[in-house]
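Heads up, the thing below is written out as structure tokens.
In what follows, chains carry the letters A, B, and so on, assigned in the order in which the sequence lines appear, proteins first and then strands, with residues in each chain numbered from 1.
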There are 2 protein chains.
Amino acid sequence: MKSRLFVASADIERETGFGRDQLRKWRQRFQFPPLEFTAEGKPGYSVNTVNRLRLVRRLLDGGFRPGYVVGKTLEELEKLHVAVSLSVPRVCDDESTSELIEQLKKADSAGFLKLLVKKRAKKTLLQFSRSVVAPLLKGLGDAWARGDVEIHHEHFCSFCIERYFHAQILRLKPKRGAPKILMALPPGEHHFLGLLMIEAVLAEQGAMTVSLGSDIPLNELKLAATSHNVDAVALSFSAAYPARDILPTLKHLRRLLPRRIPIWAGGATLAGIKNRPTGVSLFPELDGVVAALNDMVDQMSVR
Amino acid sequence: MKSRLFVASADIERETGFGRDQLRKWRQRFQFPPLEFTAEGKPGYSVNTVNRLRLVRRLLDGGFRPGYVVGKTLEELEKLHVAVSLSVPRVCDDESTSELIEQLKKADSAGFLKLLVKKRAKKTLLQFSRSVVAPLLKGLGDAWARGDVEIHHEHFCSFCIERYFHAQILRLKPKRGAPKILMALPPGEHHFLGLLMIEAVLAEQGAMTVSLGSDIPLNELKLAATSHNVDAVALSFSAAYPARDILPTLKHLRRLLPRRIPIWAGGATLAGIKNRPTGVSLFPELDGVVAALNDMVDQMSVR
DNA sequence: CGCGCTAATTTGTCACGGACAATTTTTGTA
DNA sequence: TACAAAAATTGTCCGTGACAAATTAGCGCG
């Protein structure tokens, strides 16, 4: 029996992060991925193909070149992958993290949330994000790479944390006269958690935050920024966001926004970017955002 | 002088919502949008073109066909648009709704949230959803069609309500022995609010809900359903979801899930669907979900 | 052996047009 | 008028060629 068909052609980008054009070129150059069809004749990709593509993604991220890995069989890819993943030892020996992951694997949703709240303890949201959430996400990513957890575990985990942050942000009251920050995800980005963490630490410092969520065209972002009369616009780029799109997006937004409104961009991937446009600040770490906010408050009080 | 701002080819989808393939076909068939190049020779779209495309988007949403509107000049499009927007009746009859919309237009984010909470008053989440949220969203849609509000107003509104619901759900405690429901958006669907409303009324009835958010492949949904050992899977289809994809998606999921797990689908668009697959329940109204939950509770207590 | 510089190769993005299926409109007929 | 068949409209996907950007390899020189 053939492997079950599962991903429609249109969904392949969401599933693997590779664009259709890219995959088409690979098919022409490396004879992979093949064209496949469901029993009803619709084009699509088999589970096997999708898995191979996911492994290719991992290996490309690990530094391999497409010509070397695309076209290899699942076995070859896996061999390569274990070789690589073994060479990167599990540094996430954080006991706290593995405890949370265990709870997730047991599918104990209530228990996970309770444990999460307990880990929060007396921490600020900033401390909580750095010492609990970030390691947990990293540990989950590694666990997924090892095959220890499934994708839905990651989704569920993110969702729980997002909800918790939503609730926490809602109960924070902005200080009088504090800056007003517009929060949004860049177009095409759907990973909320990063943005929520930024919003949480900003709100915790007393800033007034206004969030638009995802799927905002950049020109709408500009309209919102002026109509809300905000003091800054904050974006968040996840690791899944195509690195080559980051600078163009930022430059584009920079052109649209009036110069007096600074752009703050968060996300660990920004660490690798050297030359930022003027008027755009990059914050690979959460602390940077807090510092930027405090700078802004100082500026405002000086006047 | 030529218009100066250019949108890169790759960004056009985010800006207008039209895909590259689609625009290419339009260029081939209607000689619009033209291929343009920046001073440096990069391909892109001029502001004028982007504006025309945005108007086309509005008119298509209003029921026109591409062959009729694509290729018209900006002036012709605007004339058409005012003609149409005048015909959209100002059915903001509900005073409560227009009050909220006014608050949104003033970009008074804190005031909007406060007003929202006030409207909640002593209502249950179900009553709140039906009497406040749903009319508000409908009113906003109409206002957008008339050009009274911008897209970012809608986004901001949805986001505020979503956050409120998140917080409310988090404070609800499930009853002992109540059914466990897995909540998720179908692949490609990104409108959370509908799903959140369903989750809210379920949680309000004492059900235990487990939400995975969006972008879950259907097979992962199945894995999650079995590993969490849920009693039902609930999905939500927004009006933006392509109607022709609804039944295939539901059938696909039905094949994946064990028969004992019912599928509940919510969303106003489901009202138009006549023949549902067995084992799938369609709920165009929120009440239906509550009824289904109560039925399930009865079933369980009988045993 | 390291360091820069240039050439060659690899890789990704875009445009184009053909094929095709889904949908809507028009036409023909009872 | 009603309803079925035919025609058109429309969007999505595919393969291919062109091209620019990124990467690697080659090479001379200190």
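If you measure from atom CZ of A/Phe64 to atom C1' of D/dT24, you get 16 Å, rounded to the nearest angstrom. Rounded to an integer number of Å, the gap from CD1 of B/Ile12 to C1' of C/dT13 is 16 Å. In this structure, the OH atom of B/Tyr45 is 10 Å from the C1' atom of C/dA15, given to the nearest Å. Taking atom CD of residue B/Glu36 and atom C1' of nucleotide C/dC14, one finds them 16 Å apart after rounding to whole Å. Rounding to whole angstrom units, CG of residue A/Asp21 and C1' of D/dG17 are separated by 13 Å. Atom-to-atom, CD of A/Gln28 to C1' of D/dC13 comes out at 15 Å; the value is rounded to the nearest Å. Between B/Leu35 atom CG and C/dG17 atom C1' the separation is 14 Å, expressed in whole Å. Taking atom CD on A/Gln31 and atom C1' on D/dG15, their separation rounds to 14 Å, with Å as the unit.
A parallel orientation is assigned to the rings of A/His190 and B/His190, their planes being inclined by less than 30° (bins at 30° and 60°). Taking the six-membered ring for Trp and thresholds of 30 and 60 degrees, A/Phe159 and B/Phe192 have nearly parallel ring planes, at less than 30 degrees apart.
Counted by atom type alone, A/Thr49 and A/Glu36 present one or more donor-acceptor pairs between their side chains at under 3.5 Å. Between the side chains of B/Gln28 and B/Lys25, at least one donor N or O lies within less than 3.5 Å of an accepting N or O.
At C/dT13, none of the side-chain N or O atoms of B/Ser9 fall inside 4.0 Å of OP1 or OP2 (strictly under the cut-off). Proximity of B/Arg24 to the phosphate of C/dG17: no side-chain N or O atom is located under 4.0 Å from OP1 or OP2.
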Could you go over nucleotides 7-11 of chain D and give all protein N or O partners under 3.5 Å, atom names and distances?
unit_1	atom_1	unit_2	atom_2	d
D/dT9	O3'	B/Arg65	NH2	3.2
D/dT10	OP1	B/Pro66	N	3.4
D/dT10	OP1	B/Gly67	N	2.7
D/dT10	OP2	B/Gly67	N	3.2
D/dG11	OP1	B/Gln22	NE2	3.2
D/dG11	OP2	B/Trp26	NE1	2.6
D/dG11	N7	B/Arg29	NH1	2.9
D/dG11	O6	B/Arg29	NH2	2.9

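Within a 6.0 Å sphere centred on NE2 of B/His191, other residues, nucleotides and ligands contribute 12 heavy atoms or fewer.
Both A/Arg27 and A/Gly63 sit near DNA chain D, but only A/Arg27 has its closest nucleotide nearer the 5' end.
Here the CG atom belonging to B/Leu193 is positioned 8.5 Å from the OG atom belonging to B/Ser236, to the nearest 0.5 angstrom.
Residue pairs satisfying the salt bridge (Lys or Arg N to Asp or Glu O under 4.0 Å) criterion with at least one member in residues 60-79 of chain B, sequence neighbours excluded, are listed as follows: B/Arg57-B/Asp61.
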